[in-house]
There are 2 protein chains.
Amino acid sequence: MSMLQTNSRPYHHGNLRQALLQAAETALEARGATMLSLRELSREVGVSHTSPRRHFADKQALLDALAQSGFQRLDAALAAAAKARARNFSVRLTNLAQAYIEFALKHPALWVLMLEAKHRPGAPRELLDASDAAFSNAPALIRTGQAEGEIVPGDPARLSLTLGAALQGLVSISTEGKFKGVPLEALVPGIVKHVLLGLRPRS
Amino acid sequence: MSMLQTNSRPYHHGNLRQALLQAAETALEARGATMLSLRELSREVGVSHTSPRRHFADKQALLDALAQSGFQRLDAALAAAAKARARNFSVRLTNLAQAYIEFALKHPALWVLMLEAKHRPGAPRELLDASDAAFSNAPALIRTGQAEGEIVPGDPARLSLTLGAALQGLVSISTEGKFKGVPLEALVPGIVKHVLLGLRPRS
DNA sequence: TAACAATGTTGTCAATGGAAACATCCTGCA
DNA sequence: TGCAGGATGTTTCCATTGACAACATTGTTA
């Protein structure tokens, strides 16, 4: 080997796809989707600007892969929260809701990317599957509530829609993790309560 | 005037700002935010590529103006829906909810732009004001419900949060205006009912 | 009528995504 | 064990973009 050799890395990166996804997530959260560029990611990872094209068909494909990874991690977080021991159904539902909010607040830009990717016509099948898996946790928990007599009979997917949509919307409506200065985490129990009991006065 | 003159438009457009905003909204809904470019908009409107800079500080400023316009139109739609005569509070609330969903479904890309613009650090004051005005319609209606004894006492902003968030989330969760094949319009009455009555069985 | 402001145009630059052609390394098979 | 092919890099090029500077035209006001 030449003593003058200046290469700091072998020709083959070895794990470029994963490295690019990691760099993309860091850049996404730091600078937002608009400022995310393949060339900048390549520089950060230390490869030439067209290497990403060997692992992703185009820029959109990289973003789709990142969104899919996000859904997989959300699914894991929700599944863990739903499995946590809690005798009270209301507490279990609140735990699931908190896990959802925490994920969204911890990965704000990724969360937006996930939703955008999910909605785009032509979104890859794997991405939609990962999204469906993540969003299946709430109906599953509703089913256990129905079995315990805590929830009215009916389609769990439809019944969990109100809570799922409310949590989703809560994140969208909030700014910097707060709604009118109140941290979202503090609002979750009230939302769960409203969804379970409604807003109408009980007579 | 030379018979050979080829200009099809006087030097001053006369209403370029508005024309650019209109072209931008059309392009946004047709091609998405990613494919929206100032040069393309300029070509469509028939001016040179840097004319927009005379009306908008930069590309982001044009997008912010578009989002603000969106909030103003949403506000008008919600205010009109809330004013519609309906003796039953539940019907009035459902009308407001429907108006919100209709706006989001009619302007899907603009709706996303509005949310993104609202969240961005450094968002213009006028934009945030327009957003606040639009989202004040729901608490106002909740207040009338409280006056009629239809809603539990409490902060109307907090109480309307569940419904507002649920509607917001409903749009985000849906794809192509549907949730599991069901049009959103058909889901709204159920969502309103769940929010008013809750999911818990009444005993 | 002239000065100034508003609103256009032209030209330039740096950065980007994507494509083509080429280079290097790794794996599998004869 | 060597070679072919595949995987994964690099280099070069092109078209397009956003933004900036300088200039041109028109409208308004004093």
Side-chain angles (χ1 to χ4, degrees), chain A residues 1-2 4-24 26-28 30-67 113 116-117 120 122 124, chain B residues 1-2 4-24 26-28 30-67 113 116-117 120 122 124:
Chain A
M1 172 185 68
S2 170
L4 297 175
Q5 191 173 5
T6 58
N7 292 344
S8 57
R9 182 182 57 80
Y11 187 89
H12 274 238
H13 181 281
N15 197 23
L16 184 54
R17 185 175 199 278
Q18 212 47 51
L20 286 167
L21 285 171
Q22 184 54 59
T26 303
L28 185 69
R31 306 192 288 269
T34 307
M35 303 302 295
L36 193 141
S37 86
L38 292 180
R39 291 194 185 221
E40 186 64 30
L41 295 183
S42 300
R43 283 192 289 272
E44 287 166 8
V45 172
V47 293
S48 62
H49 62 279
T50 51
S51 319
R53 300 293 308 296
R54 288 297 177 188
H55 300 275
F56 305 97
D58 53 23
K59 182 180 179 181
Q60 186 63 62
L62 184 148
L63 292 175
D64 284 348
L66 191 53
L113 175 74
E116 285 174 350
R120 207 183 63 261
Chain B
M1 173 183 65
S2 168
L4 296 176
Q5 188 173 6
T6 57
N7 294 342
S8 59
R9 182 181 57 77
Y11 187 89
H12 274 239
H13 182 279
N15 195 25
L16 184 54
R17 185 177 198 277
Q18 211 47 50
L20 286 167
L21 285 173
Q22 182 55 59
T26 303
L28 184 71
R31 307 195 287 270
T34 307
M35 303 302 296
L36 193 143
S37 85
L38 293 181
R39 290 195 185 219
E40 185 64 32
L41 295 183
S42 300
R43 282 192 290 270
E44 287 166 8
V45 171
V47 292
S48 61
H49 60 279
T50 51
S51 320
R53 300 293 307 297
R54 288 296 176 190
H55 300 275
F56 306 98
D58 55 20
K59 182 179 178 181
Q60 186 63 60
L62 183 148
L63 292 175
D64 285 347
L66 191 53
L113 176 76
E116 285 174 349
R120 206 182 67 259

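Computed from a predicted model, the values in this text were never measured in an experiment. So that the names make sense, note that chain A is the first sequence line, chain B the second, and so on, each numbered from 1.
- For the atom pair His55(B) NE2 and Leu21(B) CG, the distance stands at 10.0 Å (nearest 0.5 Å).
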Shorter than 3.5 Å, N or O on both sides, protein versus nucleotides 11-15 of chain D: list them out with atom names.
unit_1: dT11(D); atom_1: O4; unit_2: Thr50(A); atom_2: OG1; d: 2.5
unit_1: dT12(D); atom_1: O4; unit_2: His49(A); atom_2: NE2; d: 2.9

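- Nucleotides of DNA chain C that come within less than 4.0 Å of any heavy atom of chain A span, from the 5' end to the 3' end, dT16(C) to dC25(C).
- A close approach under 4.0 Å does not occur between any side-chain nitrogen or oxygen of His13(B) and OP1 or OP2 of dT26(D).
- Under the salt bridge (charged side-chain N to carboxylate O under 4.0 Å, His left out) criterion, Arg120(A) pairs with Asp64(A), sequence neighbours left out.
- Of the possible donor and acceptor atoms, one in the side chain of Ser42(A) sits under 3.5 Å from a partner among the backbone N and O of Leu38(A).
- The distance from atom CZ of Arg54(B) to atom P of dA19(D) is 15 Å, rounded to the nearest whole Å.
- Listed by chain and number, the residues in a side chain to side chain donor-acceptor pair (under 3.5 Å) with Arg31(A) are Glu44(A) (sequence neighbours excluded).
- Across every non-hydrogen atom of Ala65(A) and Phe56(A), the tightest pair is CB-CE2, 3.9 Å.
- Nearest heavy-atom pair across Leu63(B) and Leu113(B) is O-CD2, 3.6 Å.
- In this structure, CD of Glu40(B) is placed 14 Å from C1' of dG18(D), rounded to the nearest angstrom.
- Among all heavy-atom pairs drawn from Leu62(A) and Ala24(A), the shortest one is CD2-CB, 3.7 Å.
- In this structure, the NE2 atom of His12(A) is 15 Å from the P atom of dG6(D), given to the nearest Å.
- Heavy-atom distances to DNA chain C give each of Arg53(A) and Arg43(A) a nearest nucleotide, and the one nearer the 5′ end belongs to Arg43(A).
- For Gln18(B), there are no side chain to side chain donor-acceptor pair (under 3.5 Å) partners two or more places apart in sequence or in a different chain.
- Sorted by residue number, the list of members of residues 14-24 of chain B with any non-hydrogen atom under 4.0 Å from DNA chain D is empty.
- For the pair Arg53(A) (side chain) and Ala57(A) (backbone), a donor-acceptor distance under 3.5 Å is present.
- Minimum heavy-atom separation, Ser51(A) to Leu16(A): CB-CD2, 3.7 Å.
- Place Tyr11(B) and Gln60(B) on DNA chain D by their nearest nucleotides, and Gln60(B) ends up nearer the 5' end.
- When atom types are taken as modelled, the side chain of His12(B) and the backbone of Gly14(B) share no donor-acceptor pair closer than 3.5 angstrom.
- What separates CZ of Arg9(B) from C1' of dT26(D) is a distance of 12 Å, to the nearest Å.
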